[in-house]
Each structure stands twice: as C-alpha cells, then as structure tokens.
Amino acid sequence: MEFSELSDYIINGRAPAAEEWTQAALDEGNEALTIVNQGLVPGMDVVGERFKNGEYYLPEVLLSARAMKRAMALLSPLLARTEGASLGRVVMGTVKGDLHDIGKNLVGMMLEGAGFEVINLGTDVTPEQFLKAVEEDGAQLVCMSALLTTTMPVMKAVVDLLEESEVRQQVQVMVGGAPVTERYASDIGADGYAPEAASAVQTAKDLMGVEAS
Ligand code: B1M
C-alpha cells in the first residue's frame, strides 16, 4: 500500500475511502503512528498549502478535516496506552476563539500513548475554563494549542490567570500550534514549546521530570 493514496484521500476529502484505507493498512500490520506521519499529516499539509494559495476554500478544507478525523478515530485507540501508571495529569485545549483541533487531538493521543492522563477540554477554551480544570482535576501540565495568530494572545492570558490564581507553581505550561514559536512561548512565560506531536511528548516528559525511555 502506498501512503500517498491515503494523503490523496485526505486532500480530496474522501472520508469513507480514508477510513477504509486506514483499516486495510492496520490489517496489513502497519503501525498507527506510521499511518499518521506518512499518510495523514502530509495530506493535511497539502490542504493547508492549497488553502493558503486560494486553491481551496472552507468547504474543501472541512471535507479534508472530516476525512482526517474518520481515519484518526480508528488510530486513536491504538495510539492510546491503557496499562501502566500515569506519567501525570494533563489538561489540554485549543484556546478561546480558535476551533482548530486536529493537531491538538493528535498531540493528546500521543501523550496518552506515552502514558499521560489527558483531560481534553476541546476547542474555544477560555482562560477561566483552563484554570477551573487545573484546580478541579489537579493537573500538573497545561497544554494549549492555537492555529490562528489572532488567538495566540489567549495563551498569555491563560498564563497570567494561572499566575494571579497562585496555581502557577503547581503546573507546567506547554504551548504549540503552527504559528507558535519557541520565542513566543518564552515571551509569554510558558515553560515549554513543541513544534509537532512527537516532540510534544518529549517536552512533556522533560517538563514533568520523567526519565527518557
Ligand atoms: Co483554518 N486556518 N481557519 N481551518 N486551517 C489555518 C490555520 C491557516 C494557516 C490557513 C491558511 O491561511 N494558510 C489560517 C490561519 C492564518 C493565521 O492566523 N496565521 C486559517 C484560517 C485563516 C482559518 C479561518 C479564519 C478561515 C475563515 O473562516 N476565513 C477559520 C477560523 C475558525 C476558527 O478557528 N475560529 C478557519 C477554519 C478552519 C476549518 C474549520 C475549516 C478547519 C479546522 C477543522 C478542525 O480542526 N476541526 C481548518 C483547517 C483544517 C486549517 C488548515 C488547512 C490545517 C490545520 C490542520 O489541521 N493541520 C490550516 C493550514 C495549515 O496549518 N497549514 C488552517 C494538520 C495538523 C496535524 O497540524 O494543527 O499544525 P497542526 O498541529 C501540529 C503542530 O502545530 C503541533 O503538533 C501538531 C501535530 O504535529 N501542535 C502542537 C498543535 N498543537 C500543539 C500543542 C502543543 C504542541 C504541539 O503543545 C501543547
């Protein structure tokens, strides 16, 4: 099977075909992570380029996002690990005003797969909701995602609210998303930044003081 076939199904928004291809690839013994990295993400990258260049409009992007989600639904349980002690409790969400959740969910799945307990607050999450979740769920790590330059400042609002509420000492903060940079993370007072899902796991482990495995 060629991974480019799956990429094409994502690019062309063909959800049933993407789902069928993914199931067949799993049946053939391919690893879930390989399918994500070699089929799904490259497909979504092309969609992003076409959107940027004005070749794709929102309806096409939505169809691609739906195809990506259908395939990810099959892979998610395989990326999530159930056995073993939790490496720590993570509260994660896409910040207020931002509805992009594909990358955030991928990071969440990878963190779960690595052994973290993930409380996913979804999208459009306000600073107050992040704070409430940290206080109520006793999280040790807050993970925020933003895909829009206009929503990045909400990450700073969350860090500031955690500071004001005196829970800042008990949590680490990690940020990410396409427009976010290491420099920005440091400027807003976050503890960590990761450019993509695999390094997000390593950064989370580093922040939580987990030994590399
Ligand atoms: Co939107 N969108 N979108 N969109 N969209 C972008 C982000 C954009 C770059 C497209 C473009 O112009 N080239 C652009 C943002 C420009 C900017 O601000 N810089 C944009 C825009 C403008 C918009 C709207 C405003 C369009 C409009 O309405 N006119 C609108 C905003 C809606 C809103 O949020 N309020 C909008 C809407 C949408 C859809 C709903 C149609 C859909 C989202 C569907 C969904 O997520 N459920 C959508 C999509 C799909 C995209 C693109 C095409 C793809 C995003 C994606 O899923 N990538 C995107 C173009 C692009 O990014 N190239 C675009 C795949 C995913 C695996 O990657 O999300 O980057 P990514 O996640 C990566 C890393 O960033 C990282 O790890 C992930 C895996 O490796 N990461 C983290 C992410 N979070 C992390 C957190 C971490 C660590 C790493 O730690 C906590």
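Just so it is clear, the values below take in all heavy atoms, side chains as well, and ignore hydrogens, waters and symmetry mates. No experiment lies behind these values; they were computed from the predicted model shown. Whatever order the structure lists them in is the order used to number ligands and atoms, beginning at 1.
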### Task
Using distance alone, with no hydrogens and no angle criterion, decide if Lys69 and Asn105 have a side-chain donor and acceptor under 3.5 Å apart.
no

### atom 1 (Co) of ligand 1 neighbourhood, protein N/O/S only, threshold under 2.8 Å
His100 NE2

For [atom], which protein heavy atom lies nearest, and how many Å away is it?
{"atom": "atom 44 (C) of ligand 1", "value": "Ala65 CB, 3.8 Å"}
{"atom": "atom 60 (C) of ligand 1", "value": "Gly48 CA, 3.6 Å"}
{"atom": "atom 88 (C) of ligand 1", "value": "Ala194 O, 3.5 Å"}
{"atom": "atom 71 (P) of ligand 1", "value": "Gly103 CA, 4.0 Å"}
{"atom": "atom 18 (O) of ligand 1", "value": "Thr149 N, 2.9 Å"}

Closer than 4.0 Å: a protein non-hydrogen atom to [atom]:
{"atom": "atom 9 (C) of ligand 1", "result": "no"}
{"atom": "atom 15 (C) of ligand 1", "result": "yes"}
{"atom": "atom 85 (C) of ligand 1", "result": "yes"}
{"atom": "atom 91 (C) of ligand 1", "result": "yes"}

## Note on the structure
Within 4.0 Å of some non-hydrogen atom of Gly177, the atoms of ligand 1 are 75 (O), 81 (N), 82 (C), 83 (C), 84 (N), 85 (C)

### Task
For the pair Gln140 and Gln170, evaluate side chain to side chain contact (heavy atoms under 4.5 Å, CB included) and give the outcome as yes or no after the intermediate values.
CA-CA 6 Å; Gln140 293 110 6; Gln170 82 191 40; over 6 Å; no

### Test side chain to side chain contact (heavy atoms under 4.5 Å, CB included) applied to Leu99 - qualifying residues, sequence neighbours left out
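Per chain and number, Leu99 pairs via side chain to side chain contact (heavy atoms under 4.5 Å, CB included) with Thr123, Asp124.
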
### Query
Nearest heavy atom to atom 29 (N) of ligand 1: which of Val180, Leu58, Asp98 does it belong to?
Leu58

### Summary
Closest heavy-atom approach to atom 75 (O) of ligand 1 among Gly192, Ala178, Ala200 is made by Ala178

